[in-house]
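Here the structure is laid out as structure tokens; the discussion comes afterwards.
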Number of protein chains: 2
Amino acid sequence: MDTQELKKAGLKATLPRLRILEILEGSHERHLSAEDVYKALIDIGEDVGLATIYRVLTQFEAAGLVQRHHFNGAHAVFEVRAECHHDHMVRVDTGEVIEFADEDIERRQRQIVDEHGYVLEAHSLVLYVRPKPGSPNAAD
Amino acid sequence: MDTQELKKAGLKATLPRLRILEILEGSHERHLSAEDVYKALIDIGEDVGLATIYRVLTQFEAAGLVQRHHFNGAHAVFEVRAECHHDHMVRVDTGEVIEFADEDIERRQRQIVDEHGYVLEAHSLVLYVRPKPGSPNAAD
DNA sequence: ATGAATGCAAAAACTTTGCATGACG
DNA sequence: CGTCATGCAAAGTTTTTGCATTCAT
């Protein structure tokens, strides 16, 4: 039950918060904008204000339940925090988001930052890609 | 003369474009927002509209003269395109931007993308850092 | 001269906030 | 029941656009 998850995060288990969490966890597309969540809720007949969505998503982010990304400069997208860290590829032709993890890059990042006299707080890596001709991806 | 640079890029050498290019090239801080450029122009008594700054920066980007970054979700910053590619570190305490280049990461990125059946079109890597205690940076 | 560029102001897109009402514990 | 959350609408930010005027070639 998501109720426990919310309480564990120090948040009251209100209906809007439960609904928003359900959408984020249940969606096939893991990366949703506030507007996406809003539309999904309207679709299932839940009447939640857009302002609430923004407020709740910000709280979820602060509580570590979700992560906020800015794949394109415009609007933010949110994804439920995965167990294991990963970065993202974005197809420039379709906008599809593909997750990947690579310990080599992670390690090298920490090393570079350390060499400069800093500590790595967070990072954002997005690879913008297009299908390689002849690859199975070219079909989509 | 920047006039040549603009014409070579296929852009008419208008006064606003020349001024904006001068600001970008002459600024100590290499990463400027549209607002930053606007204020810098006002400061030197040049009366250029903010809308023009946005239009010109977008043209510069299309022409390959500048690169657009989104270090924070809010506003975009622009930098004159450097001869050699590099990525960025952003100090979370001061907002200072530090440039770095690492061929290991670049190579690994291309490899990962290739393994997934894609071609790397572009990428964005930002490391958010804080000074390492005891390092010379901690002082600033 | 002629088409493109500019400036202004209005609009657009995304997100945040104020305040009265309603819900959780 | 007290407090925090919600909804609505209004305001805030950043960026874009329409249109008459001005400028570069």
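Salt bridge absent: A/E79 and A/R68 never bring a charged side-chain N and a carboxylate O closer than 4.0 Å.
Listed here is the closest heavy atom pair of B/T58 and B/Y54: OG1-O, 2.8 Å.
Using a 30° and 60° split on the angle between ring planes, A/H69 and A/H88 fall in the perpendicular class, above 60°.
Between B/D47 and A/R55, the residue whose closest nucleotide on DNA chain C is further toward the 5' end is B/D47. Both B/T58 and A/L50 sit near DNA chain D, but only A/L50 has its closest nucleotide nearer the 5' end. Position along DNA chain D of the nearest nucleotide to B/A74 versus A/R17 favours A/R17 as the more 5'-ward residue.
Of the candidates D/dT17, C/dG25, C/dG7, the closest approach to any side-chain atom of B/T52 belongs to C/dG7. Here the nucleotide nearest the side chain of B/H75, chosen from D/dT6, D/dT15, D/dC8, is D/dT15. Of all nucleotides listed (D/dT3, D/dA24, C/dG7), D/dA24 comes nearest to the side chain of B/T14. Comparing atom distances between the A/P16 side chain and each of C/dT15, D/dG7, C/dG25 picks out D/dG7 as nearest. When each of C/dT15, D/dT16, D/dT6 is scored by its nearest atom to the side-chain atoms of A/V56, the top-ranked nucleotide is D/dT6. Considering only side-chain atoms of B/K12, the nucleotide from D/dT15, D/dA24, C/dA9 that sits closest is D/dA24.
Residue contacts shown for A/A34 are absent, as no nucleic acid heavy atom lies under 4.0 Å away.
For the OP1/OP2 pair of D/dT25 and a distance below 4.0 Å, the side-chain nitrogens and oxygens of B/K7 include at least one atom meeting the criterion. Note on A/Y54: every side-chain N or O is 4.0 Å or more away from OP1 and OP2 of C/dT16.
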Test log, rule side chain to side chain donor-acceptor pair (under 3.5 Å), inputs A/H75 and A/E35: CA-CA 9 Å; A/H75 54 251; A/E35 191 77 31; over 6 Å; no
